[in-house]
Amino acid sequence: MGRTSGRWSRGLLATTLVTALAVVAAPAPAQANLGSLGSWALRKAVTAKGIQKHLKELQKIADRNGGNRASGASGYDRSVDYAEKVLRRAGYRVTRQKFDFQTFLINTPSELQRTSAPAGDLPHRIMSYSGSADVTAPASVPAGDSQGCAASDFGPANVGTIVLISRGTCAFGQKASNAAAAGAAATVIYNNISGDLSGTLGNTYTLDFAALGVSQALGQELVGQVAGGLTLRVFTDTYRGMASTENILAESRWGNPGNVVMAGAHLDSVPEGPGINDNGSGSAALLEIAEKMSVFPTRNRVRFALWGAEEANLVGSTYYVANLPAAERDKIALYLNFDMVGSPNYVRFVYDGDNSAFPPGTGSAVGPPGSGAIEKLFHDYFRSQRLASAETPFSGRSDYGPFIAAGVDIPSGGLFTGAELVKTAEEARVYGGTAGVAYDPCYHQACDDIDNISLKAIDEMSDAVAHAVITYAYDTRSVTAPTGGPASGTTAPAGGGGGLHDDHEVAI
């Protein structure tokens, strides 16, 4: 795709200003057509190199602060300082919104070992908000349903054991609580689909009981060894306690304050690593777009949000929405969410605003009226660039969740390049990359660093982000007065919901 250098040339700046002034001065009926000129100018100005500059700064911050940027820790605080500096220099009105939350930090890396033959370390991921433990015990399975969603699923055979529980039906925290109440020593929860399992017990989970997640294949292997006398060791060393953190909000100086276009991304990482793809990529893309967009005198007000404590179950965005007066909430025309846009083995996923691609019972949700129009805008943009795109469901697992909740009903949409789920052969044929490998093999791990980014994905997705933000900054009528009907423009199979993002998988 055509690109300029990371610096504005004088000619491009002059062209952009002329374009922007022409657009804002145009009568309302001409906004949509003239908005395409603003999109062209902004996309020319926004570069993958500029985004990479911000990602390198976030990596430096993590390196200097214990290897992560988790909310409640110094790495996140320095990330907020950096973002505020960038946005203030670009001319935005910047505010910090402070809130308290239950933080989760890992003091020492967790361990899962098979102590019976064949003995050895086992790949796993700690469940966020797990308690601390160091236990070696026989393994067991629930006496009743393997998913362990009812207290009656556990019995005397589970007392003192490390119980193996299947993902599915209910929250991970409920499974762990049921196992703990039955007298189990710890739990290992295994996936019910291919791929590793990253999840959280929820920021209200306070039992001092350890929980780890493993892949479906390993879980089934361990279950098959229980009858033969399988014994395991689970070690976790964690901290849970109240901490203060912040959202950062940046408002443009242009546009109608009664018609606000919001674009957001979470700035925090998980405690395990620096979080450069998840979600430095979304945050850095918005910082670059905000910088370059600051010269556009848009018709509508634009508000960029970088959320804190997303990895603690959407705490920052939930706090923001819950504390919006009704009159202010009604001014928000739409919300755009960008959570991971640089996955190394990526797919161009678009949130399925009208839920047309996913059957009932799959955990997806229908967005508020207008969300289908946002979905259509992204698909239409990718089609115009001869790039395939596919739907991913509104599963409630990123910061759009509080905006689409009943009673709030703000039209929402966004982009996502995939997390720990495995790319299918069909997706590899359409999008390139490697079938049978996770979209992001370093998801929620220490290796989610500056080398865990596809600049090609960043380049393609940031153009789509810029196009959407600038389009709606001039004209929101397609969203606020939608024509109805399913969104169109999908140019590739939906991939069976392959884009699910399990940062805060508490339900299934």
Side-chain angles (χ1 to χ4, degrees), residues 62 66-73 75-76 99-112 123-133 165 167 170-177 179-180 186-191 195-215 234-243 245 266-275 277-279 307-319 339-340 395-399 401 419-421 440 442-448 500-508:
N68 70 73
R69 300 182 303 100
S71 278
Y76 181 76
F99 59 92
D100 296 330
F101 78 111
Q102 178 86 349
T103 190
F104 171 76
L105 300 174
I106 299 171
N107 298 321
T108 309
S110 60
E111 298 178 32
L112 175 62
H124 69 282
R125 297 185 182 180
I126 190 171
M127 290 273 172
S128 296
Y129 293 94
S130 168
S132 297
I165 306 174
R167 172 188 180 183
C170 64
F172 295 142
Q174 183 176 342
K175 298 172 189 288
S177 296
T187 186
V188 174
I189 301 174
Y190 58 93
N191 212 341
D196 294 330
L197 179 57
S198 293
T200 179
L201 303 178
N203 63 351
T204 59
Y205 188 86
T206 58
L207 294 177
D208 197 18
F209 184 75
L212 304 178
V214 300
S215 68
V234 167
F235 170 78
T236 56
D237 179 15
T238 66
Y239 170 78
R240 298 171 298 184
M242 294 306 295
T245 194
H266 75 87
L267 185 58
D268 62 319
S269 75
V270 292
E272 290 90 337
N277 185 37
D278 184 18
N279 182 39
W307 306 116
E310 187 266 2
E311 301 289 5
N313 199 20
L314 316 182
V315 180
S317 55
T318 300
Y319 182 87
D339 188 354
M340 303 175 66
S395 56
R397 297 180 189 133
S398 194
D399 289 303
E420 85 281 23
L421 297 188
D440 180 359
C442 287
Y443 175 67
H444 280 193
Q445 298 178 67
C447 58
D448 185 11
L500 286 174
H501 184 1
D502 292 332
D503 269 5
H504 18 76
E505 164 103 43
V506 296
I508 54 173

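Numbers here simply count residues along the sequence, with the first being 1.
Annotation: the span from His124 atom NE2 to Ser198 atom OG amounts to 11.0 Å, rounded to 0.5 Å. For the atom pair Phe101 CZ and Asn313 CG, the distance stands at 12.0 Å (nearest 0.5 Å). Annotation: the span from Glu272 atom CD to His444 atom NE2 amounts to 7.5 Å, rounded to 0.5 Å. Atoms OG and CG, from Ser130 and Leu201 in turn, are 6.0 Å apart once rounded to the nearest 0.5 Å. Rounded to the nearest 0.5 angstrom, Ile126 CD1 and Ser110 OG are separated by 4.5 Å. To the nearest 0.5 Å, atoms OG (Ser215) and CG (Asp196) are separated by 6.0 Å.
Partners of Tyr76 by ring pair (Phe, Tyr, Trp, His ring centres under 6.0 Å), not counting sequence neighbours: none found. Shown here are the ring pair (Phe, Tyr, Trp, His ring centres under 6.0 Å) partners of Tyr205, two or more places apart in sequence or in another chain: there are none. For Tyr319, the ring pair (Phe, Tyr, Trp, His ring centres under 6.0 Å) partners two or more places apart in sequence, or in a different chain, are Phe99. Taking the side chain to side chain contact (heavy atoms under 4.5 Å, CB included) definition, one finds that Thr204 meets it with nothing, sequence neighbours left out. Applying the side chain to side chain contact (heavy atoms under 4.5 Å, CB included) criterion to Gln102, with sequence neighbours excluded, gives Tyr129, Asn203, Thr206, Arg240, Met242. A search for side chain to side chain contact (heavy atoms under 4.5 Å, CB included) contacts involving Phe235 returns Thr108, Glu111, Asp134, Arg233, Asp237, not counting sequence neighbours.
Of all the heavy atoms in Ala133 and Ala210, the pair that sits closest is CB-CB, 3.7 Å. Taking both residues in full, the closest heavy atoms of Leu197 and Asn191 are given as CD2-N, 3.9 Å, listed atom of the first, atom of the second, then distance. Closest non-hydrogen pair, Ala309 versus Thr245, comes out as CB-CG2, 4.3 Å. Ala243 and Gly72 get closest at one heavy-atom pair: CB-CA, 4.1 Å. In this structure, Phe172 and Arg167 approach most closely via the heavy-atom pair CE2-CG, 3.8 Å.
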task: I would like to know whether Trp307 and Val315 meet side chain to side chain contact (heavy atoms under 4.5 Å, CB included); could you show each step before the answer?
output: CA-CA 8 Å; Trp307 306 116; Val315 180; over 6 Å; no
query: Asp268 and Arg69: salt bridge (Lys or Arg N to Asp or Glu O under 4.0 Å), yes or no, with the steps?
result: CA-CA 6 Å; Asp268 62 319; Arg69 300 182 303 100; over 6 Å; no
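No option in Thr187, Leu212, Thr238, Ile189 other than Ile189 meets the side chain to side chain contact (heavy atoms under 4.5 Å, CB included) test with Met127.
A donor and an acceptor atom, one from each side chain of Asp278 and His266, are located under 3.5 Å apart. Using modelled atom types, one finds a donor on one side chain and an acceptor on the other under 3.5 Å when comparing Asp440 with Asn277.
Using a 4.5 Å cut-off on side-chain heavy atoms (C-beta onward), Asp208 and Ser132 make contact. For the pair Ser71 and Glu311, the minimum side-chain heavy-atom distance is 4.5 Å or more. In this structure, Thr236 and Phe209 have side chains that are not in contact, with every pair of non-hydrogen atoms separated by 4.5 Å or more. By the 4.5 Å heavy-atom criterion applied to side chains, Glu310 and Asn279 are not counted as neighbours.
Remark: the backbone N or O of Phe104 is not paired with any side-chain donor or acceptor of Ser128 at under 3.5 angstrom.
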